[in-house]
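Worksheet for the structure shown next.
Here the structure is a predicted model, which means the values were calculated and not measured. Labels below follow one simple rule: chain letters A, B, ... track the order of the sequence lines, proteins then strands, and each chain is numbered from 1. As a basis for the values below, the full set of heavy atoms in this structure was taken, side chains included, without hydrogen atoms, waters or symmetry mates.
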There are 2 protein chains.
Amino acid sequence: MPKDFESSQESYAKEVLREKGLKSTAQRLAVVHVLHTSGKSLSVSEIHQEVKDMLGATGLATIYRTLEMFEDLGIVKRLHFPGGGYGYTFCQGRHVHHMVCVDCKGVFDFPECPVENFDYSSVEKQGFRVKDHFIQLFGQCVKCAEAA
Amino acid sequence: MPKDFESSQESYAKEVLREKGLKSTAQRLAVVHVLHTSGKSLSVSEIHQEVKDMLGATGLATIYRTLEMFEDLGIVKRLHFPGGGYGYTFCQGRHVHHMVCVDCKGVFDFPECPVENFDYSSVEKQGFRVKDHFIQLFGQCVKCAEAA
DNA sequence: ACCTAAATGAGAATAATTTTCAATTGACCT
DNA sequence: AGGTCAATTGAAAATTATTCTCATTTAGGT
């Protein structure tokens, strides 16, 4: 019988790490766990705190290093908030956009891409070649709307 | 005859400030000037440097305070770059999106809104009420494409 | 079980941002 | 044009965020 149950999100991260010759450390897997179970965007220090709750003493630098690496690998995505400040959310390498509740910072996936079929001719006329895009929707989730 | 010529961007900022009972100081107008003439997104310290070039000694805190205020007033917009880091661009209260050249950080306006007529029903089904959005396109401008 | 490169932790170092407060200045009112 | 006063500024200190260094630990292949 299996010795240990792991989420598909953790397996996914392990696989990506292995492909790149990087190690699946307890700290890295804890970051994945914390992010994918939280349902909301977490700041670096929130992630640090939760990883410490799981593993005990953990260096903050490790959290920074892990998040930067995960962002490059497409495992997590960095979201920015209107007032300034940012947080991370798990995205598992998919091209997803997110709705962020401005009250609770809850993150909701938004898999259809609003600009997928958009006609860029007006900007391409200026010679600009579009290569990527960043989209975030802001609003209020049900819970926060009811609480208000 | 007019003693002093000012851009429509500066008049606009003055007007917004006056409406809110805020003062049009030399520092604030210099920030507007620097941003709207630069054609690209500028970091806080770049803005600080250019304002110092115009006015002489200027506190960095003033630049931070001004940019935060201008962002709230919709006079400027904060753009975020893929690697982390951000910059400001002038937007004169309009709802515009921007294309950012990842090489030179040049900013190009993009007045049509790609999500204007987008069907949010899939996210609204989850109870999420969309109130605002943030869109940025990344790519390469003509100059940088030719230089490459 | 060993080996080795990769990763970590702890703290120092650096960078970014905010706060404090006395001095200055812009806008309004004669 | 000058006076008044709240808003704003500059400078430095304080705080917060991020990166770096390096000795120690650890994952993953043999």
Among C/dT19, C/dG9, D/dC20, the nucleotide that comes nearest once only the side chain of A/Thr62 is considered: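 It is C/dG9.
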
Between [atom2] on [N] and [atom1] on [X], what's the gap in Å once rounded to a whole number?
X	N	atom1	atom2	result
A/Lys14	D/dG28	NZ	C1'	12 Å
B/Lys23	C/dA27	NZ	C1'	7 Å
A/Leu22	D/dT26	CG	C1'	15 Å
A/Leu60	C/dA13	CG	C1'	14 Å
A/Met69	C/dA7	CE	P	7 Å
A/Leu55	D/dT25	CG	C1'	15 Å
A/Tyr86	C/dT17	OH	P	11 Å
B/Leu17	C/dT25	CG	P	18 Å

Polar side-chain atom of B/Lys77 near backbone of B/Val96 as donor-acceptor pair, under 3.5 Å: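 Yes.
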
Backbone of A/Lys23 reached by a side-chain donor or acceptor of A/Arg28 within 3.5 Å: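 Side chain of A/Arg28 to backbone of A/Lys23: a pair is present.
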
Less than 4.0 angstrom between a side-chain N/O of [X] and OP1 or OP2 of [N], yes or no?
X	N	value
B/Arg28	D/dT8	yes
B/Ser24	C/dG26	no
A/Thr25	C/dT8	yes
B/Tyr64	C/dT18	no
A/Gln27	C/dG9	yes

Proximity of B/Phe90 and B/Tyr88 rings by center, below 6.0 Å: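 Between B/Phe90 and B/Tyr88, the centre distance exceeds or equals 6.0 Å.
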
B/Phe118/B/Tyr120 aromatic ring centres below 6.0 Å: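 Aromatic pair counts; centres sit under 6.0 Å.
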
Ion pair B/Glu146/B/Lys143, N-O distance below 4.0 Å: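 Salt bridge between B/Glu146 and B/Lys143, a charged N being under 4.0 Å from a carboxylate O: no.
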
Touch class at under 4.0 angstrom, heavy-atom based, for B/Ala26 against every strand present: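 Nothing, no heavy atom under 4.0 Å.
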
Sugar-phosphate, base or nothing in reach of B/Thr58, heavy atoms under 4.0 Å: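 The residue B/Thr58 makes sugar-phosphate contact but no base contact.
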
Pairwise 5' ranking along DNA chain C for B/Ala61 and B/Arg18, keeping only the more 5' one: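 Result: B/Ala61.
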
